[in-house]
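Heads up: the structure comes next, in structure tokens.
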Amino acid sequence: MKKVIATTAAPGAIGPYSQAIDTGAFVFASGQIPINPATGTIPEGIEAQTRQALANVKAILAEAGLTVDNVVKTTVFLADMNDFAAMNAVYAETFTAPFPARSAVAVRELPKQVLVEVEVLAAR
């Protein structure tokens, strides 16, 4: 069983993908970049961008009836690994123990030249 999760409280999919897919036991969310869904703007700086990307993640989880407490795995993509500490500080404001497993990688470039993208896997 695959159910599409879609909400206007997070940026819409702009390609052949879904914001998230709910399999019943798990919700697989597509990576979220820091676009404010109400204005279409991208905030400046890694801290603000991380907060917005995580707000988008929370909105998708809420649409699925979940919270960040359901997240079991995250992947954080950074345009510059020098932003890791600042991203990590904001990330720590969102997730609490027991923390999800996480990968964090630097990539050459992210869509719209943003600084961060966050992808999550949540369990029911």
Side-chain angles (χ1 to χ4, degrees):
M1 166 190 119
K2 282 191 339 185
K3 176 184 172 191
V4 173
I5 302 297
T7 178
T8 58
I14 53 173
Y17 65 93
S18 301
Q19 283 177 324
I21 294 293
D22 187 340
T23 65
F26 295 99
V27 171
F28 296 83
S30 293
Q32 293 301 299
I33 61 174
I35 296 175
N36 180 313
T39 64
T41 61
I42 298 169
E44 301 234 359
I46 188 64
E47 292 92 350
Q49 287 195 17
T50 302
R51 280 189 186 88
Q52 183 62 59
L54 289 169
N56 296 342
V57 164
K58 290 176 188 177
I60 291 168
L61 291 171
E63 185 67 21
L66 303 174
T67 71
V68 293
D69 291 335
N70 295 95
V71 175
V72 295
K73 172 71 169 78
T74 66
T75 304
V76 178
F77 302 94
L78 294 165
D80 185 342
M81 195 54 83
N82 289 320
D83 287 336
F84 180 85
M87 173 281 299
N88 199 50
V90 174
Y91 182 97
E93 296 169 3
T94 300
F95 295 100
T96 58
F99 298 104
R102 179 178 75 186
S103 300
V105 297
V107 296
R108 183 169 172 248
E109 187 176 2
L110 289 165
K112 298 190 177 285
Q113 287 67 55
V114 299
L115 304 173
V116 64
E117 180 173 352
V118 180
E119 172 184 285
V120 301
L121 168 60
R124 291 202 180 279

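- A salt bridge links R51 with E93: at least one charged nitrogen is closer than 4.0 Å to a carboxylate oxygen.
- Residues P111 and E117 meet the side-chain proximity criterion, which asks for heavy atoms closer than 4.5 Å.
- Counting heavy atoms from C-beta on, the side chains of V68 and T94 come closer than 4.5 Å.
- L115 has its side chain out of reach of L78: every pair of non-hydrogen atoms, C-beta onward, lies at least 4.5 Å apart.
- With contacts defined as side-chain heavy-atom distances shorter than 4.5 Å, the pair V118/L54 qualifies.
- Within the 4.5 Å cutoff, no side-chain heavy atoms of P11 are placed close to those of Q52.
- In this structure, V76 and F84 have side chains that are not in contact, with every pair of non-hydrogen atoms separated by 4.5 Å or more.
- R102 forms no cation-pi arrangement with F95, by the criterion of a distance under 6.0 Å to the ring centre and an angle within 45° of the ring axis.
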**OP:** Decide side chain to side chain contact (heavy atoms under 4.5 Å, CB included) for T74 and Y91; before the verdict, give the C-alpha distance in whole Å, the side-chain angles of both, and the deciding distance to 0.1 Å.
**Re:** CA-CA 11 Å; T74 66; Y91 182 97; 2.9 Å; yes
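- Closest approach of A10 and P37 over heavy atoms only: C-CB, 3.7 Å.
- Put simply, OG1 on T50 and CG on D83 are 8.0 Å apart, with the number rounded to the nearest 0.5 Å.
- Going from atom OG1 of T7 over to atom CD1 of I60 covers 7.5 Å, rounded to the nearest 0.5 Å.
- Between the side chains of S18 and K2, no donor-acceptor pair is found at a separation under 3.5 Å.
- Here the closest non-hydrogen pair linking A64 and R124 is O-NH2, 3.0 Å.
- Heavy-atom minimum distance, Y17 versus I14: OH-N, 3.4 Å.
- Using a 4.5 Å heavy-atom cutoff, the side chains of Q19 and V4 are not in contact.
- The hydrophobic cluster containing V72 does not contain V57, counting ILVMFWY residues as joined when their side-chain heavy atoms lie under 4.5 angstrom apart, directly or transitively.
- In this structure, V71 and L61 have side chains that are in contact, with non-hydrogen atoms separated by less than 4.5 Å.
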